[in-house]
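In listed order, ligands and their atoms are each counted from 1. Quantities reported herein were computed from a predicted structural model and do not represent experimental measurements.
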Amino acid sequence: MKILVLNCGSSSLKYQVIDMDTRNPIAKGLVERIGLQGSVLTHRTASGAKEVFKTEIKNHTKAIELVIKQLVAPEYGALKDLNEIHAVGHRVVHGGEKFSKSVVINASVMEALKDCIELAPLHNPPNIAGIKACQRMMPGIPQVAVFDTAFHQTMRPLSYIYGLPYEYYEKYGIRKYGFHGTSHKYVSQRAAVLLKKPLSELKLISCHLGNGASIAAIRGGKSMETSMGFTPLDGLMMGTRSGALDPAIVTYIMCREQFSVDQMNDFLNNKCGALGVSGISSDFRDIEVAAEQGSHRAQLALDIFEHDVRQFIGSYAAVMGGVDALIFTAGVGENAPGMRAGICKNMDFLGINLDLEKNQVRGEEVDVSKTNSRCRVLVIPTNEELMIALDTLELTK
Ligand code: ADP
């Protein structure tokens with residue numbers, strides 16, 4: 001059984017075909033610069049061979065047409081026929097309060113997705129464009145939507161209501177939604193397998209530390225708290241995003257810099273975070289190098305990030321009344337032993353005891369805590385595509 005997984009951004013499209021018997025991708029690729037000059041499709045086969053196509057790609061329909069062409073190409077295609085695709089799973093960023101789990105897409109789901117555009121004006125329109133293009137190109141093949149927000153719909157009102165007039169929640173849907181849900185769900189399920197315990201009995205803190213970063217408190221398999229909020233700008237300081245701020249800073253900077261609403265939005269999302277503090281890069285590898293070479297601003301950026309993560313761990317352990325395992329995932333979480341060591345330092349009071357030798361791992365699924373550590377520390381590479389494929393299969397079996 002083969003599932004096509006699609007992740008459509010405003011000018012990009014990532015795809016994978018996953019063989020559900022082995023759970024491995026048999027083809028994957030990326031279309032970049034959709035609707036811009038210099039569009040390019042990079043396709044990889046199961047053996048890792050790379051094919052690059054530079055051609056005009058005006059919109060998502062054209063992009064999907066090209067992807068399908070690669071998938072069935074006689075020389076290296078992963079499929080003989082498109083009908084080998086059992087179903088398509090689409091990553092959808094925002095499902096608002098309407099979707100607490102993945103759904104098979106029909107006309108009423110499409111209407112509900114359109115209603116969520118207001119909440120994610122940059123993300124949901126390309127997601128919808130990808131779904132429509134697939135409906136046109138692959139009639140009869142079921143399409144499933146898997147939401148970044150769905151996993152966090154188990155949060156309680158005391159966690160998701162902000163200190164604003166309640167009518168703003170009712171009128172505009174302003175509340176904490178949380179993101180990276182597919183990743184937090186995947187790694188929490190893997191943690192239960194690694195720990196050989198039922199998920200229903202575990203208190204987990206999942207740290208998805210990538211360019212975008214968020215932390216979730218997961219009790220009994222359900223998200224209780226998460227650091228991102230109404231949008232993915234909230235919580236930890238990130239690569240280019242500010243993370244949580246005193247809200248008064250927003251209007252203050254707008255006045256001082258004469259920023260419009262759009263300029264302020266762009267500033268907070270793209271020019272702040274580790275990039276803004278370090279003045280060097282948003283990439284933690286570059287920042288680590290600069291810090292080693294003596295840049296105090298680069299060191300400060302690393303220190304702030306580490307401190308932010310530690311604060312969330314402490315607070316989420318308090319909310320859950322303890323923690324059985326701490327999970328590190330995504331680019332920094334999976335690949336930066338130094339950052340993991342800094343985060344776990346002096347956390348004996350929570351039963352966290354990192355094994356510094358085991359911790360030297362990158363991108364592998366490993367328990368990196370000492371044998372006597374009461375709280376386990378796990379490195380678990382995330383696999384959002386597989387999670388989307390599993391949900392898609394489950395709903396279309
Ligand atoms: P996203 O999916 O949010 O774009 P990723 O999960 O791919 O992000 O993470 C990207 C981040 O991971 C980058 O900041 C990158 O520097 C960091 N990263 C990747 N490898 C390493 C490494 N070996 N050491 C430190 N940071 C790393």
Side-chain angles (χ1 to χ4, degrees), residues 5-16 28 30 32 42 91 93 120 122-123 126-127 146 148-149 178-187 190 206-216 226-228 231-243 269-293 295 297-306 308-309 327-344 356 359-366 368 379-388:
V5 176
L6 284 187
N7 181 355
C8 290
S10 55
S11 67
S12 72
L13 184 167
K14 286 189 210 145
Y15 63 93
Q16 278 195 13
K28 58 174 149 184
L30 168 68
E32 291 166 285
T42 311
R91 176 191 181 208
V93 169
L122 297 179
H123 293 102
N127 298 158
V146 179
D148 276 23
T149 48
F179 298 86
H180 288 146
T182 309
S183 174
H184 290 302
K185 183 175 167 188
Y186 174 79
V187 297
R190 288 302 309 160
S206 160
C207 305
H208 178 113
L209 311 178
N211 210 358
S214 74
I215 307 201
T226 192
S227 59
M228 282 179 172
T231 73
L233 188 56
D234 198 6
L236 302 165
M237 182 191 83
M238 306 176 217
T240 60
R241 294 175 227 166
S242 63
N269 277 289
N270 300 315
K271 305 200 169 76
C272 294
L275 170 68
V277 174
S278 71
I280 288 166
S281 171
S282 63
D283 191 305
F284 280 82
R285 282 166 292 200
D286 301 339
I287 301 174
E288 277 179 7
V289 171
E292 273 161 31
Q293 290 168 347
S295 159
R297 279 177 57 179
Q299 187 58 53
L300 183 60
L302 296 175
D303 291 346
I304 295 173
F305 186 71
E306 185 182 298
D308 275 6
V309 175
I327 307 167
F328 286 104
T329 192
V332 179
E334 292 166 26
N335 297 301
M339 182 58 74
R340 288 195 298 259
I343 291 167
C344 294
L356 292 176
N359 183 46
Q360 288 312 311
V361 69
R362 291 175 202 267
E364 279 174 57
E365 209 175 75
V366 192
V368 292
V379 176
I380 304 182
T382 192
N383 193 339
E384 287 159 291
E385 292 79 13
L386 177 60
M387 191 76 245
I388 292 173

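- Side chains of Glu288 and Leu302 form a contact here, defined as non-hydrogen atoms less than 4.5 Å apart.
- Interface atoms of ligand 1 facing Gly212, defined by a heavy-atom separation under 4.0 Å, are 3 (O).
- The two residues Phe179 and Thr149 have their closest heavy-atom pair at CE2-CG2, 3.7 Å.
- Counting heavy atoms closer than 4.0 Å to ligand 1, residue Arg362 contributes side-chain atoms (C-beta onward) but none from N, CA, C or O.
- Of the N or O atoms in Gly210, none lie within a sub-3.5 Å distance of an N or O in ligand 1.
- Nearest non-hydrogen protein atom to atom 15 (C) of ligand 1 is Asp283 OD1, 3.4 Å.
- Residues His184 and Ser214 bring a donor and an acceptor atom of their side chains to less than 3.5 Å of each other.
- By the definition of a contact as any protein heavy atom under 4.0 Å away, atom 2 (O) of ligand 1 is not in contact.
- Of the residues listed (Asp148, Thr182, Val146, Val5), the one engaging Arg91 in a side-chain contact (heavy atoms from CB on, under 4.5 Å) is Asp148, and it is the only one.
- Looking only at protein heavy atoms, the nearest one to atom 24 (N) of ligand 1 is Asn335 O, 3.5 Å.
- Contact check on Glu365 versus Arg190 returns a salt bridge, with a Lys/Arg side-chain nitrogen under 4.0 Å from an Asp/Glu carboxylate oxygen.
- At the top of the distance list for atom 27 (C) of ligand 1, counting protein heavy atoms only, stands Arg285 CG, 3.7 Å.
- For ligand 1, the atoms lying closer than 4.0 Å to a non-hydrogen atom of Ala330 are 6 (O).
- Residue, atom and distance of the protein heavy atom nearest to atom 14 (O) of ligand 1 are Phe284 N, 3.2 Å.
- Closest approach of Ile304 to Met237, counting heavy atoms only: CG2-SD, 3.7 Å.
- Pairing each heavy atom of Pro232 with each of Met228, the nearest pair is O-CE, 3.5 Å.
- Protein heavy atom in closest approach to atom 5 (P) of ligand 1: Gly331 N, 3.7 Å.
- When only non-hydrogen protein atoms are considered, atom 17 (C) of ligand 1 lies nearest to Val332 CG2, 3.7 Å.
- Nearest protein heavy-atom neighbour of atom 4 (O) of ligand 1: Asn211 CB, 3.5 Å.
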TODO: Could you walk me through whether Ile343 and Leu209 pass the side-chain contact (heavy atoms from CB on, under 4.5 Å) test, one step at a time?
DONE: CA-CA 12 Å; Ile343 291 167; Leu209 311 178; 3.9 Å; yes
